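Have a look at the structure below, then the notes.
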Amino acid sequence: MKNNEVLHIDIPQFQNDLISWYQDNKRDLPWRKDQDPYKVWVSEIMLQQTKVDTVIPYFNQFIKKFPSVQDLAKAEEQDVLKSWEGLGYYSRARNLQNAIREVMASYEGTIPANSADLGALKGVGPYTKGAILSIAYNQPEPAVDGNVMRVLSRILKIDEDIAKPRTKKLFEEIVRELISRADPSSFNQGMMELGAIVCTPKNPMCMLCPVQRHCHAFAEGIENELPVKSKGKKQKTVPYVALLIQNKQGKYLIEKRPDTGLLANLWQFPMISIAETGFNQIPDWFEKEYGINVRLKREAGRLKHVFSHLIWELEVHQAVSSDTKTNRKDAQFVSQNEMKAFPFPVSHQKMMQFL
DNA sequence: AACACGGGGTC
DNA sequence: GACCCAGTGTT
C-alpha cells in the first residue's frame with residue numbers, strides 16, 4: 001500500500017493540533033524533567049510493554065541508585081536486577097547494562113545521536129532508537145509503539161493487522177511523512193500521550209480528542225472497530241513441585257537460574273518439573289543433582305503464576321536437610337534476612353509467604 | 001514471520 | 001478469562 005493512498009489529512013494542521021494539545025495536557029512525569037539522553041533511555045526501556053504508573057517508582061529508584069552512564073556501567077549485574085525486581089522482562093535490564101558498558105567502551109560515555117550506532121546497541125530496537133533520537137536529540141525519527149499504531153489506524157482508517165511486523169513498518173513510513181520537523185519530540189510524545197489518555201483501546205474519548213476533526217474512524221463511527229489485531233495463542237500450563245528446604249541452621253536453599261531464557265540470572269527456590277521427575281524420586285534427585293539429603297515434610301500451599309506465554313502451577317512443599325552445603329555452583333543456603341539481597345521473580349516472592 | 005520473554009491493570 | 005501495555009531478540 002502506498003502511503004499517499006492513506007494520508008488524507010491536512011498534515012500541518014494535524015501537527016499543530018496534536019502538539020498544542022500535548023504541550024497543554026502532558027502529564028508531569030519524572031523522565032520529563034529534562035532531556036538527559038540517559039534518563040530518556042532508561043525510561044523508554046522500562047516503559048516497554050509496561051504501564052506508566054508501574055514504571056514511575058522503579059524509574060525514580062533506579063536513577064537515584066544509578067544516576068549516570070558511568071554508575072550503571074560499573075554496577076554489579078545482580079544489583080541492577082535487584083532494582084528491576086518485579087518489573088518483568090528482565091533481559092531489558094541486562095541488555096541495558098550491556099549497552100551502557102558499550103557506550104563507555106566505544107563512545108567515551110556519550111550516548112550516540114545517530115541511528116546506526118544507537119540501533120546497534122543491545123535492547124535498542126526501532127522504537128527505542130526513534131524515541132531517544134526524537135526526545136533527547138530532537139531528530140525527526142519515527143517512534144512507533146502500540147499507541148501510535150492504534151491512533152493512526154483510527155485517524156487514517158487503516159485496517160491492516162497491527163500484530164504483523166509488516167504493519168509496523170507501514171506506520172513507520174507514514175510517521176516519516178507526518179512528523180513535525182519543527183518539534184519531533186512533542187509530536188512523537190503527543191501521539192503516545194494521546195493513545196494513553198484519549199485514544200484508548202476501549203471506549204476512546206473522541207469528544208475530548210484534539211485531532212477529532214482529522215479522524216476518519218470517528219467520522220464513520222467505527223473507532224471501536226480499529227485497530228485490527230489478530231489474537232495470540234494461549235499459554236501452556238506446566239506443573240512443578242517447588243521446595244522450601246530448611247537446614248539445621250534455619251537457612252533455606254536457593255539457586256541462581258541459568259543466564260539465558262526465562263527469568264535469566266534471577267534466584268529461586270529449587271523446583272522440579274513433575275512431568276519429568278516423579279514425586280517420590282525427589283529425594284534421590286536432590287542427592288544426585290545437589291549432593292544434599294532432603295526429606296519432605298508437608299505441603300505448604302499451591303499457587304498459579306501466569307506469564308505472557310505460559311502458566312506455572314506450583315505445589316510448594318516444606319522440606320528439611322541435614323546438610324549445610326551443596327555441591328552445585330550457584331546454589332546456597334541463606335537466612336531469610338540474607339535472602340533479601342537476591343533478585344527473585346514475583347512467583348518465588350509469593351512462595352516466601354509460606355516461610 | 002512466529003515465538004520467547006513478566007507482571008499488573010482493566011473490563 | 002481476555003486484552004492491553006512507550007518492544008526486542010532469536011529462530
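Proteins come first, then strands; the chains are lettered A, B, ... in the order of their sequence lines, and each starts at number 1. All of these numbers come straight from a predicted model, not from anything done at the bench.
- At whole-Å resolution of the value, CG in A:L118 and P in C:dT8 are 11 Å apart.
- A tilted orientation is assigned to the rings of A:W285 and A:Y290, their planes being inclined by 30° to 60°.
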For nucleotides 7-11 of chain B, list the nitrogen or oxygen atoms of the protein found under 3.5 Å from its nitrogen or oxygen atoms, one pair per line.
unit_1	atom_1	unit_2	atom_2	d
B:dG7	OP1	A:Y90	OH	2.9
B:dG7	OP1	A:V346	N	3.0
B:dG7	OP2	A:H305	NE2	2.8
B:dG7	N2	A:Q49	O	3.4

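- Look at A:H309 and you won't find any side-chain N or O under 4.0 angstrom from OP1 or OP2 of B:dC3.
- Contact annotation: A:K129 side-chain N/O to C:dT8 OP1/OP2 distance is not under 4.0 Å.
- Within a 6.0 Å radius of NZ in A:K122, other residues, nucleotides and ligands contribute 12 heavy atoms or fewer.
- In this model, the phosphate group of C:dT8 is approached by a side-chain N or O of A:K168 to a distance below 4.0 Å at OP1 or OP2.
- One atom, NZ of A:K122, and another, P of C:dT8, lie 14 Å apart when rounded to the nearest Å.
- With values rounded to the nearest 0.5 angstrom, A:I155 atom CD1 is found 4.5 Å from A:C215 atom SG.
- Across all strands shown, A:R32 has heavy atoms under 4.0 Å from base atoms, whether or not it also approaches the sugar-phosphate.
- Nearest-nucleotide positions on DNA chain B for A:T167 and A:Q48 put A:T167 closer to the 5' end.
- Residues A:D183 and A:S180 have side chains that never bring a donor and an acceptor to within less than 3.5 angstrom of each other.
- B:dC11 and C:dA6 are spaced 14 Å apart, taking the P atom of each and rounding to whole Å.
- Side-chain N/O atoms of A:R150 include none lying less than 4.0 angstrom from OP1 or OP2 on C:dC4.
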